[in-house]
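One structure is given below, encoded as structure tokens.
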Amino acid sequence: MKIGYFPGCSLHGTAPEYEASLKLVAKAADIELVEIEDWNCCGATAAHSMNRMLSIALPARNLAIAEKMGLEEVVVPCAACYSRLLFALNEFKLDEKVRMNLQPIIETEFKGNIKILNVLDFLEKYVMDALKNKVDDKFKKKAACYYGCLLVRPPKLTNSERWDDPLRMEAILKKIGIDSIDWSFKTECCGAGLSIARTDIVGKLSGKIIEDAKDRGADMIVTACPMCQSNLDMRRGAINNYLKKDNNIPAIFITQLIGLAFGYSEKDMQFDKLFVPISFSNNNFSNNNDNLKMQKSKVKEVKV
Amino acid sequence: MQNNMTEIAENPSKDTYYSNDLQKWGAEIKNKDISLKELVFNETGEKVSLCYQCGKCTAGCPLSDEMDIAPNTILRLLQIGSKEYDRKVLSSYTIWVCLSCETCMARCPKEVDLPAITDFLRSESIRRHLANRKANNIINFHKAFLHSIRGSGRLYEFGLVIGYKLRAKNLFQDVLLAPSMITHGKLKFIPAKVKNSSQIKEIFQKTINNNRGGK
Ligand code: SF4
Ligand code: SF4
């Protein structure tokens with residue numbers, strides 16, 4: 001079965017482990033991900049901060065190409081891209097002025113007959129069934145499932161039922177034997193687009209997320225967005241600065257865990273790309289001393 | 001180039017690259033004497049009069065303590081609609097530091113789409129040269145980002161950072177943790193490029209260079 005795939009800049013740039021794990025997970029579930037030809041950046045926060053029509057036209061070009069390729073569904077693993085693509089499609093459907101003006105701008109025909117899936121939609125629809133009997137004892141760890149903003153908000157756009165307290169990742173992880181904690185920060189903002197211009201804000205917002213997860217006994221934070229993951233993982237220096245202590249709880253992509261459950265190795269899932277290391281092999285998880293030492297030196301290396 | 005960049009870094013509103021016809025728009029505002037809330041309605045379809053000042057937006061906003069004007073107060077100032085308050089809103093730091101996290105909108109009992117209003121206020125504040133100076137870094141980042149994708153269609157992180165540093169005049173801040181990113185294989189030195197990049201340039205030409213920013 002073939003499904004369209006919009007990687008977005010992050011998966012080809014700062015989050016190669018997300019792309020690698022997603023592709024192998026899809027393969028294990030017998031799904032072929034077909035990349036949208038010659039796709040372009042969705043414009044992210046910068047475009048919608050500066051110009052509304054630009055922020056519709058950039059994602060719409062991608063959707064129009066996908067439509068032309070005969071794809072009915074597109075999976076968009078980055079929550080920020082997902083939100084922008086969904087916004088563009090929604091505006092196209094609801095706003096006549098957009099429908100009238102879009103075509104000459106993107107120079108491609110677009111009918112709006114395409115369905116956009118975020119990574120959770122994709123996993124629920126196409127991977128969940130293949131996860132029968134995949135419970136593994138090595139996964140007896142506590143996860144803090146972190147959704148961030150754009151997978152659930154604005155609810156009007158995402159159609160999410162429990163936007164303040166979603167339980168979708170929890171249900172998926174349960175399938176492979178991972179229990180999740182109940183916590184308060186699953187849909188709080190990580191600081192997202194201010195990562196570079198106001199790193200201190202990311203340190204503060206992400207710091208609160210990390211602290212709550214840790215305080216409630218989580219062993220890891222599980223994410224479904226490359227922006228969230230990079231803020232929680234790569235920005236650990238800024239976070240630890242804010243918290244005034246070293247905090248080594250790892251932040252990992254949900255697809256990396258599911259890949260492991262399918263029998264791929266930690267190398268296949270590119271665990272080495274994570275700044276704060278994590279390993280499930282030989283039952284050493286984060287209790288291993290060497291592992292902890294490595295974390296310390298790594299976290300120190302992260303300058304802000 | 002360098003001089004130009006320095007000037008822009010100090011006052012990003014001077015960067016006419018993304019908003020030509022400033023004079024034209026300025027003249028139009030004077031002539032029609034239209035208040036900001038009417039403009040917000042025309043350009044976003046949002047009625048600020050719906051807001052009844054319950055304060056839920058501010059209560060849930062993760063950044064309210066970083067802002068100079070609280071989110072609900074932005075709406076109140078717009079409702080009053082005096083020239084002075086319109087100006088205050090457009091020159092606030094609030095509209096730039098807002099993360100578009102959408103919490104305010106999700107919680108608003110009147111479903112006021114404050115993030116959409118904020119988006120429009122940003123482009124309007126640049127157009128009228130009123131952008132808050134404290135927000136220069138944030139604006140420079142947005143511009144460097146758009147500059148990066150305008151050229152190649154995709155984001156090139158390394159190029160983005162160089163562009164941002166030039167604009168922000170801060171060459172030594174290690175904004176991207178570059179050394180550790182390289183060892184983790186997360187920073188590329190060759191930009192990815194859309195084949196049909198002229199199409200992307202056209203999109204910019206026909207949107208950001210050609211309209212007011214809203215609907
Ligand atoms: S939550 Fe809505 S109604 Fe309440 S103050 Fe904010 S914008 Fe106004
Ligand atoms: S969208 Fe902006 S104003 Fe609204 S809650 Fe988030 S940061 Fe605050």
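- Atom CZ of A:Arg153 is separated from atom OG of B:Ser100 by 11.5 Å, given to the nearest 0.5 angstrom.
- The residue among A:Ser49, A:Pro154, A:Gly148 with the most heavy atom pairs within less than 4.5 Å of chain B is A:Ser49.
- Looking at A:Leu150, only its side chain comes within 4.5 Å of chain B, counting heavy atoms on both sides.
- In terms of heavy-atom pairs under 4.5 angstrom with chain B, the leader among A:Ala57, A:Cys41, A:Gly8 is A:Cys41.
- B:Arg107 contributes atom CZ, which lies 5.5 Å from atom CH2 of A:Trp163 (distance to the nearest 0.5 angstrom).
- Atom CD1 of B:Ile149 sits about 7.5 Å away from atom SG of A:Cys42, to the nearest 0.5 Å.
- For a residue to count as touching a neighbouring chain, one of its non-hydrogen atoms must lie under 4.5 Å from one of that chain's; by this rule B:Ile203 touches chain A with backbone and side chain alike.
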Discussion item. If you apply the rule salt bridge (Lys or Arg N to Asp or Glu O under 4.0 Å), what do you find for B:Glu66 with A:Arg198, and how did you get there?
Written reply: CA-CA 11 Å; B:Glu66 297 281 342; A:Arg198 285 290 308 268; 3.1 Å; yes

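- Of all residues spanning residues 111-119 of chain B, those with a heavy atom less than 4.5 Å away from chain A's heavy atoms are B:Glu111, B:Asp119, arranged by number.
- Interface remark: A:Asp164 contributes side-chain atoms only to the contact with chain B (heavy atom separation under 4.5 Å).
- Interface residue A:Ile201: only side-chain heavy atoms are found under 4.5 Å from chain B.
- A:Glu37 CD: 12 or fewer foreign heavy atoms inside a 6.0 Å radius.
- When heavy atoms are compared at a cutoff of 4.5 Å, A:Lys156 approaches chain B solely by way of its side chain, counted from C-beta outward.
- Remark: A:Glu188 engages no residue in a salt bridge (Lys or Arg N to Asp or Glu O under 4.0 Å) (not counting sequence neighbours).
- In this structure a side-chain-to-backbone donor-acceptor pair under 3.5 Å is missing from A:Arg61 to B:Gln199.
- In terms of non-hydrogen atom pairs under 4.5 Å with chain B, the most contact-rich of A:Cys190, A:Pro155, A:Cys149 is A:Cys149.
- Looking at B:Ile200, only its side chain comes within 4.5 Å of chain A, counting heavy atoms on both sides.
- Environment of NZ in B:Lys88: sparse, with no more than 12 heavy atoms of neighbouring residues, nucleotides or ligands closer than 6.0 Å.
- Crowding of B:Lys47 atom NZ: a count of heavy atoms from other residues, nucleotides or ligands under 6.0 Å not exceeding 12.
- Both the backbone and the side chain of B:Leu155 have a heavy atom closer than 4.5 Å to some heavy atom of chain A.
- At a threshold of 4.5 Å between non-hydrogen side-chain atoms, the residues B:Thr103 and A:Thr187 do not count as touching.
- Here B:Ser35 pairs with B:Glu38 under the side chain to side chain donor-acceptor pair (under 3.5 Å) rule; sequence neighbours left out.
- A salt bridge links A:Lys204 to B:Asp65: one of the charged nitrogens lies within less than 4.0 Å of a carboxylate oxygen.
- Here the straight-line distance linking atom SG of A:Cys189 with atom CD of B:Glu102 works out to 10.5 Å at 0.5 Å rounding.
- Listed here is the closest heavy atom pair of A:Met50 and B:His142: CE-CB, 3.9 Å.
- Heavy atoms only, all atoms of each residue included: B:Leu99 and A:Ala192 are closest at CD2-N, 4.4 Å.
- The part of B:Leu63 that comes within reach of chain A is its side chain, from C-beta onward, which places non-hydrogen atoms under 4.5 angstrom from that chain.
- Ranked by heavy-atom pairs under 4.5 Å with chain A, the first of B:Val194, B:Ile138, B:Ile95 is B:Val194.
- Residue A:Leu54 holds its CG atom at 11.5 Å from CD of B:Gln205, rounded to the nearest 0.5 Å.
- Contact detail for A:Gly43 and B:Phe145: the closest heavy-atom pair is O-CE2, 3.7 Å.
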Practice prompt. Evaluate the criterion side chain to side chain contact (heavy atoms under 4.5 Å, CB included) for residue pair A:Leu194 and B:Val97; output intermediate values, then yes/no.
Written response: CA-CA 8 Å; A:Leu194 290 177; B:Val97 80; 4.2 Å; yes

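- Ranked by heavy-atom pairs shorter than 4.5 Å toward chain B, the options A:Ile105, A:Ile56, A:Thr45 are led by A:Ile105.
- Here the side chain of A:Asn40 pairs no donor or acceptor atom with the backbone of B:Arg154 at under 3.5 angstrom.
- Residues forming a ring-ring contact (aromatic ring centres under 6.0 Å, His included) with A:Phe92 (at least two apart in sequence, or on another chain): A:Phe110.
- Summarising the geometry, atom CG belonging to A:Asn51 is positioned 9.5 Å from atom CZ belonging to B:Phe204; distances are rounded to the nearest 0.5 Å.
- A:Leu205 and B:Pro62 get closest at one heavy-atom pair: CD2-O, 3.8 Å.
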